[in-house]
Structures are given as C-alpha cells and as structure tokens.
Amino acid sequence: MITTMALRFPSRLLSQLKLSRRLHSLPAPLSEDSDDESLKFPSNDLEGSYIPVDRRFYNTLLKKCTVFKLLTQGRIVHGHLIQSIFRHDLVMNNTLLNMYAKCGSLEEARKVFDKMPERDFVTWTTLISGYSQHDRPCDALLLFNQMLRFGFNPNEFTLSSVIKAAAAERRGCCGHQLHGFCIKCGFDSNVHVGSALLDLYTRYGLMDDAQLVFDALESRNDVSWNALIAGHARRCGTEKALELFQGMLREGFRPSHFSYASLFGACSSTGFLEQGKWVHAYMIKSGEKLVAFAGNTLLDMYAKSGSIHDARKIFDRLAKRDVVSWNSLLTAYAQHGFGKEAVCWFEEMRKGGIRPNEISFLSVLTACSHSGLLDEGWHYYELMKKDGIVPEAWHYVTVVDLLGRAGDLNRALRFIEEMPIEPTAAIWKALLNACRMHKNTELGAYAAEHVFELDPDDPGPHVILYNIYASGGRWNDAARVRKKMKESGVKKEPACSWVEIENAIHMFVANDERHPQREEIARKWEEVLAKIKELGYVPDTSHVIVHVDQQEREVNLQYHSEKIALAFALLNTPPGSTIHIKKNIRVCGDCH
DNA sequence: GTAGGGTTAG
C-alpha cells in the first residue's frame, strides 16, 4: 500500500517535496469506521508498525494536493492522516477540508466538516468559501447563517466568500443587509470584502452603490479596479469602463488579463471597435502576453466587428489555446457564414486532441445551419450524442433551424415532436422563422401559437407572424395579429442603429427627425440611393409590415435607422474609411 | 488552516 501511494504521486511532485525517502516511513493505512468507501484503506498486518510522521509532512502533502487539485492523492493522504495522531487536530482537519473544497469535492468536504470533533471560524469559512467558489451559493449562505447561530464570528475571509455567494444567488437579495453587517464588523473598507461587495452591487445593477464602496476602500488593488471595470463592462457601460481603465493606469496599477477581457467584451458588444483596438494596442505595448482568457474575448471582438481575418490572426497568436479559443473561432466562422471553414476547424480541433464540448457542437451546428450544410449538420448532431454529450434545448433549436432553413419544414416539425424534452419557446421560434423564410403560412401559424403560449411577451414572433400573413396577402389575419399585439400590450422593440466615429457612438432610430444634421443626412442618402439604383438596386419591400401601397412602402424603407447611420457615417468620415454599423435587432432584408 | 475580479453560445 505504501508503494502504491508512492506510485500514485507524480515523481515530479515527490522530488519537489524531497520526500521519497520519508514516504517509506508513512504509517500503514488501516481501515476506518468511515461509512464512505472512498475513504477506506485496506487493513493489513502493519497495525503494529505505526511510525509517527510530523505535522509539517501532512501539511505539505495536503497543500500540494490542493494547489495541483490532486483529489485522488489527497484521499490517500486523508486515509493515512485518519490513522495518525493528528486525526482530531483542528488545523490539520481544516487543511484537509480545504483540500476537498478546493478540489471541488464538496460532499467529501462536508463529511470532514461533519465529523470534526472541534470547529473554529476557519472551519466554517473554509466550507463556506468552498460552496461559494463551486457554484453552490445557497449552501454557502445557509452555512453562514448556521455559523452565526453557533456563535462564531465571521472575519474578512468569511465575508468576502459570503458576499460572492450572495452576488450569485439573486433570489436572496441580501446585498444591503450584508453590507450593513460588514460595516458593523468594521470590514466594509477591507479591500477583499469591498471588492466582493462592489462586485455584488454591479451585478444587482446598483452602480452608484458600487462606486461608493470603491471610493471608501482603505486601499485599492488591481482586483478592486477590475471588479468595477467588469461591472460596468457587463452592463454595457463601455465608456465608464474605459474611463476607469484610464484611472487605473493613472494610479499606477498594471492591468491584467481580467481587465483586458472585460474591456474587449464591452467594446465588442457596444460597437466601440476603435477603442477596443486602442486597448489591444496598449496591451501589446505593455508587454502583456496574449493568454486565452483575454485573447478569446479579443478574438470574439474582431469577429463581431466584421473582421474574420483579425479574429483568425488572434487565434494564431494565442500563447496557449483552450477549448474556448477553439469555440470562439468556430463561432466566428459560423457568424460570418463560413460553414465549410467552421467544419474544417472543428475537425482540426479534434485532430489536435481538443475534446469538443457542448458549445463546440453548438457552434459547428450553427455554422452548418447558416450555410445550408444539412447533411454535415445532421452528422455532427449524431456525433455529439455518440460523444456522450446530451443535447440541450439550444442544440435542438439549432437542429430545427438547420432543417427549417434547408426547407424541410415537415422534418423539422417531426423532429420537435420526437424530441426527448418539452419544446421551448426558442425551438418553436426557430420553426416559425423557417416558416417565414419559406413562406409556409399554416405551419407558421401553428408554431406561433406555441410561441405565444410559452413566451407571450416577446414582440418578435408577433411581428414575424404578421409578416408571414402580410407577405401572403392575408391582410385580415395580419390585422388580427396586430390587434392581439395591441390588446396584450406587446410592443415591437424600436429598431436602432449606432456607429462609432472618433471615439463617440452615434445612435439613430427610424425616421429620426430630431438630429441636428437631419437635412444633410437626407441629402446624402438621396445621393447614395440614386447611385445604387443606377447600379441596379431594387427596393425589397416584402417585409415592410405596413399595409400601404408600393410607393409608400419604398419611402418607409428609406428611413430605416441603419440607412440613416450609414448616411451620417459617410458624411462624417474621410473617404475610404471602414464604417461599422451595429443594430439592436436583425437588419431588414432591404437594408442588408 | 480560510477571501474578492474575467472568456465562447443564446
């Protein structure tokens, strides 16, 4: 058994520990009265040959297991430890508990906790943080309550863990209460507690409260800056996030991949491409290595801003690629309509020994669906199941989309009926959309009924059904949809487009009449219109949802927000510059 | 012996 243990530890670890000789003086593992099979060690005849090992030895081993997440080896150490004189040692048990918690085995951590003859505030804190770090916020909060009831005082370690849990568990909504508690204990301005607290406030959308906590910190570090930057980035507060980034630099803090990941994500989702490029340039100049976490977001930023080539360059330059890097690349190709390339890279990924996860399959399925690769898409759907990945609702959405786009609406319907899960609203929406594309009124109406039942507040499906009826000339049915929308108070989300010019974002809505440059914009658009008509442009009015004559429909089309944004951008940028227009909803066929 | 911030899809 001793030999087994020596073999189970990587030799690198052993030499690091210089323990190979000492390992042989380990006590022989004996069976314990534990009800957990995994903690049992076969008893042998060595009961009498117990040799004590000092606490530092166990401590070092457990710490190594914790750092390198060596759960199996940790269990072996545990097996030996419970035979030693340290089996009831408080600190040793806390270390053991921490090993299980950090390795993500919360069940074993809990068993250790439950069996401990003596506990202190570190014991409680260790398990609370284990739950908090492993996505079990409810358990963390529950245990915190028990800790208080048992009369233990939480410290700054406990509080930061509890606050992290509360931030993840929105139903509890105990943020302000916890903040008050921190003030009472005098920990509210502690940098760890404060960072967790301001992160919590940003997740609740209480940005002013977050700022107050940040301003009150006794000291700031990169984590507190990053927490605030990330908070604003998540809520599309890109300008504020960039401003904070400048503040961070002014105060002499070095941004990390945490800062960059947040900023790239924010720039990408709000269309601040130039600013995003500036941050990227800063990152290069500061000598920061392009690691996957920030690099993946950067790749995504370039892909979403329309440059698949830059996205690909980032992928090539990544110091080390993880599964997310591959998924981001696949998604980039899928979004750009390069289905075949996505399929090639998916195969490349598998050849390289990277195991595709559920998102990899989702990306490759999306790519096939968008490029009309029906057979390939079906092949990957089957492969996913063979690989042991259980399809989830989003995969079914993509398969319905795949079949629907290819025009096989009946097969799509059959697929929905035979799915092992209850169809979600998104699945019916995919079928509805396919019916719009292939002008199938009857099935479209059937799919829409299901959508209305499952997601009555989404205006999109009402508009699609209206369009299906309108384009088929069934105006009475179309009017009925419109009436229903009015009655149920469902409003179409107003379309808006925005464009970045000289580090500022300009936003437009359709028929924008209040813009100071509205006359110049209109003139510019007339100019563009004349030119494109000369080149053969014919207005596509098939999706105009207003019941009007052809000429009026054409006029309506001309004031869509993306056209106004384009005219504005042409007026305000030097000739030949790249113009990126972003839009909150799908671009209409004519504008496209 | 215990703590806080980040990514891909939809």
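Just the heavy atoms: all of them, side chains too, but no hydrogens, waters or symmetry mates, feed the values below. The structure displayed is predicted, hence computed values, not measured ones. Proteins come first, then strands; the chains are lettered A, B, ... in the order of their sequence lines, and each starts at number 1.
- Annotation: proximity of residues 123-139 of chain A to DNA chain B (heavy atom, distance under 4.0 Å) is found for T125(A), T126(A), S129(A), Q133(A), numbered in ascending order.
- Taking atom CG on L330(A) and atom C1' on dT7(B), their separation rounds to 15 Å, with Å as the unit.
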Could you pull out all donor-acceptor pairs under 3.5 Å where a side-chain atom in residues 454-461 of chain A meets a protein atom, sequence neighbours excluded?
residue	atom	partner	partner atom	Å
D455(A)	OD2	K429(A)	NZ	2.9
D458(A)	OD1	G460(A)	N	3.0
D458(A)	OD2	K429(A)	NZ	2.7

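- Remark: aromatic rings of H192(A) and F187(A) are distant, center separation not under 6.0 Å.
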Scan the side chains in residues 214-223 of chain A for donor-acceptor partners under 3.5 Å anywhere in the protein, sequence neighbours excluded, and list what turns up.
residue	atom	partner	partner atom	Å
D215(A)	OD1	Q211(A)	NE2	3.1
R220(A)	NH1	E251(A)	OE1	3.3
R220(A)	NH1	E251(A)	OE2	2.9
N221(A)	OD1	V223(A)	N	3.0
N221(A)	OD1	S224(A)	N	3.0
N221(A)	OD1	S224(A)	OG	3.2

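- Atom CG of N327(A) is separated from atom C1' of dT8(B) by 6 Å (rounded to the nearest Å).
- Pairs of residues two or more places apart, or lying in two chains, that qualify as side-chain hydrogen bond (donor to acceptor under 3.5 Å, both in side chains) and include a residue from residues 333-348 of chain A are E347(A)-Y380(A).
- Judged by distance alone with a 3.5 Å cut-off, no donor-acceptor contact links the side chain of N190(A) to the base of dG4(B).
- For V122(A), counting side-chain heavy atoms from C-beta on, the closest listed nucleotide (dT8(B), dG4(B), dT2(B)) is dT2(B).
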Got a list of side-chain donor-acceptor pairs under 3.5 Å for residues 320-329 of chain A, not counting sequence neighbours?
residue	atom	partner	partner atom	Å
R321(A)	NE	F315(A)	O	3.0
R321(A)	NH2	F315(A)	O	3.3
R321(A)	NH2	D316(A)	O	3.4
D322(A)	OD1	N296(A)	ND2	3.2
D322(A)	OD1	V324(A)	N	3.1
D322(A)	OD1	S325(A)	N	2.9
D322(A)	OD1	S325(A)	OG	2.8
S325(A)	OG	N296(A)	OD1	2.8
S325(A)	OG	D322(A)	N	3.0
S325(A)	OG	D322(A)	O	3.3
N327(A)	OD1	S360(A)	OG	2.6
N327(A)	ND2	N357(A)	OD1	3.1
S328(A)	OG	V324(A)	O	2.7

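- Between dT8(B), dG4(B), dG6(B), one nucleotide has an atom nearer to the side chain of A196(A) than all others, and that is dG4(B).
- Checked against dT2(B), dG4(B), dT8(B), the side chain of S160(A) finds its nearest nucleotide in dG4(B).
- For the pair L228(A) CG and dG4(B) P, the computed distance is 18 Å after rounding to whole Å.
- Among the atoms of the strands shown, base atoms are found under 4.0 Å from some heavy atom of N221(A).
- No donor-acceptor contact under 3.5 angstrom links the side chains of R56(A) and N59(A), judged on distance only.
- Distance from the side chain of R234(A) is smallest for dG6(B) among the nucleotides dT7(B), dG4(B), dG6(B).
- No donor-acceptor contact under 3.5 angstrom links the side chains of D401(A) and T398(A), judged on distance only.
- Every residue meeting the ring pair (Phe, Tyr, Trp, His ring centres under 6.0 Å) condition with F152(A), not counting sequence neighbours, appears here in chain and number order: W124(A).
- Going from atom CZ of F152(A) over to atom C1' of dT2(B) covers 14 Å, rounded to whole Å.
- Nucleic acid contact class of K429(A) (heavy atoms, under 4.0 Å, all strands): none.
- The ring pair (Phe, Tyr, Trp, His ring centres under 6.0 Å) check on H370(A) picks up nothing, with sequence neighbours excluded.
- Under the rule for a ring pair (Phe, Tyr, Trp, His ring centres under 6.0 Å), the partners of H450(A) that lie at least two apart in sequence or sit in another chain are W428(A), Y446(A).
- Against DNA chain B, the stretch residues 292-321 of chain A makes heavy-atom approaches under 4.0 Å through F293(A), N296(A), T297(A), D300(A), K304(A).
- The residue V191(A) sits close to a base: some heavy atom pair falls under 4.0 Å.
- The side-chain ring of H192(A) is stacked on the base of dA3(B), judged by centre separation under 5.5 angstrom and plane angle under 30 degrees.
- Put simply, the side chain of S259(A) does not reach to within 4.5 Å of the side chain of W225(A), judged on heavy atoms.
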Could you list the donor-acceptor pairs under 3.5 angstrom formed by side chains in residues 132-145 of chain A, with sequence neighbours left out?
residue	atom	partner	partner atom	Å
S132(A)	OG	S161(A)	O	3.0
H134(A)	ND1	A101(A)	O	3.4
H134(A)	ND1	G130(A)	O	3.1
R136(A)	NE	D139(A)	OD2	2.8
R136(A)	NH1	E107(A)	OE2	3.2
R136(A)	NH2	D139(A)	OD2	3.1

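- Nucleotide dG4(B) holds its P atom 11 Å from the CZ atom of F258(A), rounded to whole Å.
- In this structure, CD1 of I229(A) is placed 11 Å from C1' of dG6(B), rounded to the nearest angstrom.
- Note: CD1 (I427(A)) to C1' (dG10(B)) measures 12 Å, nearest angstrom.
- Contacts with DNA chain B (heavy atom under 4.0 Å) in residues 357-367 of chain A: I359(A), L362(A), T366(A), listed by number.
- Within the 4.0 angstrom heavy-atom criterion, base atoms lie near D222(A).
- Between R203(A) and the phosphate of dG6(B), there is a side-chain N or O to OP1/OP2 separation shorter than 4.0 Å.
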Output side-chain donor-acceptor pairs under 3.5 Å for residues 243-250 of chain A, partner residues at least two apart or in another chain, one line each.
none

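- Counting non-hydrogen atoms under 4.0 angstrom, E392(A) reaches nothing in the nucleic acid.
- Side chain of N98(A), nearest nucleotide from dG4(B), dT2(B), dT7(B): dT2(B).
- Comparing atom distances between the K102(A) side chain and each of dG6(B), dT2(B), dT8(B) picks out dT2(B) as nearest.
- Atom CG in D188(A) sits roughly 21 Å away from atom P in dA3(B) (whole-Å rounding).
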